[in-house]
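The structure appears right after this line, and notes come after that.
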Amino acid sequence: MSRLTERPQWQALQAHAQAQQALTLRDRFAAEPGRGERLCAEGLGLFLDYSKQRVGEDTLALLRELAVACGLPARIEAMFNGEKINATEDRAVLHVALRAPMDASILVDGRNVVPDVHAVLDHMADFSRRVRDGRWTGHTGKRVRNVVSIGIGGSDLGPVMAYEALRHFSARDMVFRFVSNVDGTDFSEATRDLDPAETLFIVCSKTFGTIETLSNARAARAWCLAALGDETAVAKHFVAVSTDQARVRAFGIDPGNMFGFWDWVGGRYSMDSAIGLSTMIAIGPEAFGEMLAGFHAMDEHFRHTPLERNLPALMGLIGIWNSNFLGADTVAVLPYAQYLKRFPAYLQQLTMESNGKSVTLSGERVDYATGPVYWGEPGTNGQHSFYQLLHQGTRLVPCDFIGFIETDNPVGEQHDLLMANLFAQGEALAFGKGVAQLAAEDVAPALIPHRTFEGNRPSSTLLAQRLDPHTLGLLVALYEHSVFVQGVVWDIDSFDQWGVELGKSLAVQTGAELAAADAPVLKHDSSTNALIQRYRRLRPQRGAGPSP
Ligand code: F6P
């Protein structure tokens, strides 16, 4: 047994889960008048209703005891104080410094990093203003109308999610596109209708060594120069966001056109660093500042609010309950907001790259489940595709519903209809529809099993007044810190990502085998060898173009 599962607090939770197995949400609501008003938490304009989770106040007390036994309060301080809590990479984890006010002091190796953060923010703000008001022109003197951000993973998902989420606040006279996939289709489709003379590329890569990003950046440079004809055009059409100045220079981008960040910012925690340059150009430096203020407000809330009312702690601990004591393998994130259409994809990297680990900080194999699979789609679209499984499938899928009181796009009564659906889904999942009710409705007996909803399916509902930059900052930081809470309890390194390395190195080897002029000797397994041979045999000759 591991240290975690040996803890008395863990074992108390196991016994508690066992004892409560038969207690349904229907029972709980019947026995606890006012449960829906009590099992809620509110802070910073976010309202979290967790009454439809399969928890009681006793469950939450036990979860808090577990968190304290696992050292959560001290680990929070360690993060905020710049300790090297990313143990396997020997790095501090300081995304909280990215949104710290100017007068804060956060030390990494004895150096206050806050002035460095604000120097980059000032550089970004100056550049963004010049692009937005037309003072920054392209090589031919034309104004920049199109911004194409090139990056992948944390250097893409945050910017694209934030752009979509804050589209309402964006410069509508500009075009923003995002290129991530090494599939040339991504680059081609993103640029096919753009004028190179009006296009600015932001090459985003923490390491500036990611093959997908560098391939797309090279394609962008060739596309640009083919139209503009002159190598000096690069200076006006390319800027870089990276931690590695030498590689940026080697690529041919002037370090004067580089926006830096630091190794203590994890890729998936970087959307509020210079990686968010496209966001700042889209919404302007002031609105970007409001987003940072939202992040910071949640940081302060997380650091200083008692666990009973601490929103990230509550969300993280309820997630532990669902994963480890109710056996749920997944979480569905269901924003009832079209602007949040990329939020589930963003959360997938944040949660799964952070907590998809099987060994503890000291390298022992865990004997409990760690990070669940996150996925989702905006409501109401999901209702007409996968909600069937949520309601009647054999798996337990806890849901996070996210909704906003006001819409920026009032169309008739549609916002009420949207929110009615959100509320209805939580209710249907929790309480279902039983045999007696169906019989009372004269449903044919043979159909009753098919039309029964057993209910007792847990969900949380997060409400905010309006989706604006400040609220987006709150929301992202809320999930960031809930991931942290879970990583602390699971005793894993939430800030490394060694699991992506093997595929990368095999792809390099296989790439050489695909490029070899003569059939290479393949030393993979028989399946991989056969796939490579088939591909080599059937692909069109270079330059021949696709088959008709
Ligand atoms: O392969 C995973 C990963 O390292 C992510 O953690 C990161 O966000 C992404 O690749 C991109 O890395 P970079 O910003 O260095 O190009």
Side-chain angles (χ1 to χ4, degrees), residues 85-95 98 120 124 148-163 178-183 186-187 201-221 238-251 253 258-279 342-357 371 374 476 479-480 483-484 487 492-511:
I85 61 167
N86 177 357
T88 70
E89 296 181 318
D90 193 28
R91 286 178 181 166
V93 174
L94 272 180
H95 38 280
L98 298 171
V120 173
M124 289 166 64
V148 180
S149 184
I150 298 177
I152 197 164
S155 296
D156 170 69
L157 287 162
V160 72
M161 180 278 287
Y163 172 67
F178 299 85
V179 175
S180 54
N181 201 331
V182 76
D183 180 346
D186 204 9
F187 177 78
F201 290 97
I202 306 176
V203 184
C204 296
S205 176
K206 180 176 171 182
T207 55
F208 231 74
T210 303
I211 199 147
E212 291 92 332
T213 300
L214 294 185
S215 303
N216 278 319
R218 278 192 286 271
R221 188 167 54 187
F238 284 81
V239 298
V241 180
S242 185
T243 57
D244 194 324
Q245 198 182 94
R247 283 179 167 178
V248 167
R249 190 197 302 274
F251 182 82
I253 297 178
M258 169 178 163
F259 300 83
F261 62 117
W262 307 271
D263 72 355
W264 41 261
V265 183
R268 53 195 175 274
Y269 297 87
S270 68
M271 61 168 273
D272 48 344
S273 71
I275 289 290
L277 182 60
S278 58
T279 315
R342 296 293 287 162
F343 194 60
Y346 171 78
L347 279 190
Q348 283 183 326
Q349 187 197 12
L350 179 67
T351 58
M352 290 157 72
E353 203 173 71
S354 295
N355 283 344
K357 313 286 163 65
Y374 273 75
V476 173
Y479 276 94
E480 284 178 348
V483 164
F484 175 83
I492 54 180
D493 191 332
S494 298
F495 302 103
D496 63 12
Q497 55 284 316
W498 299 106
V500 300
E501 296 303 325
L502 176 60
K504 282 188 197 171
S505 59
L506 288 175
V508 170
Q509 184 192 334
T510 307

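Every number for a ligand or one of its atoms is a count from 1 in the order of the listing.
The backbone and the side chain of Thr207 each have at least one atom closer than 4.0 Å to an atom of ligand 1 (non-hydrogen atoms only). If you look at Gln497 next to ligand 1, the close heavy atoms, those under 4.0 Å, all belong to the side chain.
The single protein non-hydrogen atom nearest to atom 6 (O) of ligand 1 is Glu353 OE1, 2.8 Å, given as residue, atom name and distance. Taking atom 9 (C) of ligand 1 as the reference point, the nearest protein heavy-atom neighbour is Ile152 O, 3.7 Å.
The aromatic rings of Tyr479 and Phe343 lie perpendicular to each other, with more than 60° between the two planes, well past the 30° mark.
Distances below 4.0 Å separate heavy atoms of Val500 from the following atoms of ligand 1: 1 (O), 2 (C). Remark: ligand 1 atoms within the under-4.0 Å shell around heavy atoms of Thr210 are 12 (O), 13 (P), 15 (O), 16 (O).
Judged purely by distance below 3.5 Å, without hydrogens or angles, the side chains of Arg247 and Ser242 never pair a donor atom with an acceptor atom.
Looking at Val239 and Ile253, their side chains never come closer than 4.5 Å, going by heavy atoms from C-beta outward.
Taking both residues in full, the closest heavy atoms of Asp272 and His95 are given as OD2-O, 4.1 Å, listed atom of the first, atom of the second, then distance. Leu350 approaches Val483 most closely through the heavy-atom pair O-CG1, 4.1 Å.
Checked against a 3.5 angstrom limit, the closest N/O atoms of Gly154 and ligand 1 fall inside it. Note: an N/O pair closer than 3.5 Å links Lys206 and ligand 1 by distance alone.
Heavy atoms of Gln349 approach ligand 1 to within less than 4.0 angstrom. In this structure, Lys504 has a heavy atom closer than 4.0 Å to ligand 1.
Residues meeting the ring-ring contact (aromatic ring centres under 6.0 Å, His included) test with Phe238, sequence neighbours left out: Phe201.
By the 6.0 Å and 45° rule, Arg342 does not stack over the aromatic ring of Phe178.
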